[in-house]
Amino acid sequence: MDAFYASVEELDQPELRGKPVIVAGPEPRGVVATASYAARKFGIHSGMPTSLARRLCPHGIFLPPRFERYEEMAQRIRTILGEYSPLVEPISLDEAFVDLTGTELLHGPAEKVAETIHKRIPGETGLSCSVGLGPNKLIAKLASDEAKPGGLHIVRPEEVQSFLDPLPVEKLWGVGPKTAARLEEKGVRTVRDLREVPLGFLRSWFGPKGGEALWQLARGLDESSVVPVREAKSISREVTYPEDLFDEEKISDELRRLAFLVADRLQAEGFLARTVQIKARFSDFTTCTRQTKLPEPTDHPVLIAKEAAGLLARLEIPQGQGVRLLGVGAADLVPRTFQPLPLFVDLKLAEALKEMREKFGPEALYLW
DNA sequence: TCTGGGGTCCTAGGACCC
DNA sequence: TCTGGGGTCCTAGGACCC
């Protein structure tokens with residue numbers, strides 16, 4: 001989807017259409033989630049601090065994100081995609097892979113399906129979309145980038161190399177700023193440059209896996225399959241505070257609150273976690289994490305909060321630094337149904353806590 | 001200008017075991 | 001006296017994606 005969040009806002013408030021709409025976290029420390037194309041003309045893009053975006057475009061329309069609404073539209077779009085293949089893999093709210101392999105008999109050639117989808121989504125949702133078609137996920141994704149905004153781009157197998165060659169390496173999936181900078185040092189800027197680097201060099205520069213991955217990317221090779229539903233591997237909550245925290249009690253209160261929110265999500269989604277993680281980012285933006293493995297998987301808020309507190313004690317806050325971000329995570333998840341009931345955890349207590357907090361909000365009750 | 005929140009995957013070092 | 005090689009598990013950090 002093109003400028004998805006901003007487009008949904010324009011759909012719901014037609015008077016905003018064509019204006020510089022910027023969906024962004026609040027100042028002072030929020031960032032831009034999505035900028036409409038009108039806003040991009042001012043140099044605004046995702047990830048940019050909201051405060052900077054406001055300086056660049058003081059008359060812009062700044063809106064806080066409404067994720068429930070975007071989720072609703074995303075669901076409608078996924079339903080349309082699902083008509084053309086059982087294999088639909090959402091990447092995020094606004095992007096998905098559709099595997100059209102073997103659907104010709106039912107729906108006709110993939111090119112036709114891509115055209116149909118490209119017409120149907122705007123027709124039925126009022127939202128602009130871009131469609132890319134290619135022989136694998138890597139190429140399809142790059143083709144859709146090429147199609148933006150609002151286009152359809154098809155890359156046939158014999159066109160893959162000529163399509164890729166002129167692109168700068170950072171367009172490739174998995175090549176970010178760091179890797180691009182290291183490649184640049186070696187004189188590698190485009191995919192064509194990259195393709196001319198022997199595998200041995202890439203391996204020695206980026207390790208066996210990294211080198212191999214780059215070698216494949218440069219050739220448009222991607223064997224990964226379209227996976228409709230993947231099990232969550234971790235669940236986390238984190239918050240950046242408008243002002244750094246210095247008070248130790250405030251910090252541990254916040255950590256406990258986050259631990260409870262993580263426990264809520266574990267329970268809501270039916271998981272138990274064996275690993276508890278915490279994360280802290282300091283005034284100078286350095287980030288520390290600590291994690292620990294539990295003897296038994298749990299979704300118990302008090303247990304998770306206790307582990308988080310123990311981890312916090314192991315993490316020293318550098319002299320003179322405040323805490324700008326705190327996070328709590330749960331990993332090594334196991335579905336609750338596969339887990340025998342733990343004998344010694346106070347189930348009634350967990351139930352009662354959950355009820356109280358559903359009634360009065362997540363901050364209503366703490367135990368320690 | 002001053003850097004979100006939710007994730008995934010990889011690497012490297014150390015502990016430990018045979 | 002100083003010492004192998006292979007494997008697994010755990011932890012911390014970092015790159016990357018949307």
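All values below come from the heavy atoms of this structure, side chains included, with hydrogens, waters and symmetry mates left out. Residue numbers begin at 1 in each chain, while the letters A, B, ... track the order of the sequences.
Aromatic ring centroids of A/Phe42 and A/His59 lie under 6.0 Å apart.
Taking A/Glu159 as the reference, A/Arg156 meet the salt bridge (charged side-chain N to carboxylate O under 4.0 Å, His left out) condition, with sequence neighbours excluded. With sequence neighbours excluded, the residues satisfying salt bridge (charged side-chain N to carboxylate O under 4.0 Å, His left out) with A/Arg54 are A/Glu27. Legend: residues meeting ring pair (Phe, Tyr, Trp, His ring centres under 6.0 Å) with A/Phe271, ordered by chain and number and at least two apart, are absent. Listed by chain and residue number, nothing satisfies the side chain to side chain donor-acceptor pair (under 3.5 Å) test with A/Glu307 (two or more places apart in sequence, or in another chain). Applying the salt bridge (charged side-chain N to carboxylate O under 4.0 Å, His left out) rule to A/Arg195 yields the partners A/Asp165; only residues at least two apart in sequence or on another chain are considered.
In the displayed structure, A/Phe67 atom CZ is contacted under 6.0 Å by more than 12 heavy atoms of other residues, nucleotides or ligands.
Among residues at least two apart or in separate chains, salt bridge (charged side-chain N to carboxylate O under 4.0 Å, His left out) pairs with a member in residues 71-86 of chain A are A/Arg69-A/Glu72, A/Glu71-A/Arg78, A/Glu83-A/Arg120. Sequence neighbours left out, the pairs with a member in residues 85-100 of chain A that pass side chain to side chain donor-acceptor pair (under 3.5 Å) are A/Glu89-A/Lys137, A/Glu89-A/Arg230, A/Ser92-A/Asp94, A/Glu95-A/Lys141, A/Asp99-A/Thr101. For residues 268-288 of chain A, the pairs satisfying side chain to side chain donor-acceptor pair (under 3.5 Å) are A/Glu238-A/Lys279, A/Asp244-A/Ser283, A/Arg265-A/Glu269, A/Thr275-A/Asp332, A/Gln277-A/Gln291, A/Arg281-A/Thr287, A/Asp284-A/Thr286, A/Asp284-A/Gln321, with sequence neighbours left out.
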Problem set entry | Bracket string, DNA chain C, 5' to 3' - pairs by Watson-Crick or G-U geometry under 3.5 Å, | interstrand | ....||||||||||||||
Problem set entry | Base versus backbone protein contacts along nucleotides 11-18 of chain C [heavy-atom cut-off under 4.0 Å; B, S, -] | BSS-SSSS
For this session: Starting at the 5' end of nucleotides 1-8 of chain B, put B wherever the base has a protein heavy atom under 4.0 Å, S where only the sugar-phosphate does, and a dash everywhere else.
Result: BSBBBSSS
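Under the 4.0 Å criterion applied to side-chain N and carboxylate O atoms, A/Arg256 and A/Asp253 are assigned as salt-bridge partners.
Shown for residues 200-221 of chain A: residues whose heavy atoms fall under 4.0 angstrom of DNA chain B, namely A/Lys209.
Look at the C1' atom in both C/dC16 and B/dG4: the space between them is 16 Å, to the nearest Å.
A/Tyr70 and A/Gln75 are not linked by any side-chain donor-acceptor pair at a separation below 3.5 angstrom, with hydrogens and angles left out of the test.
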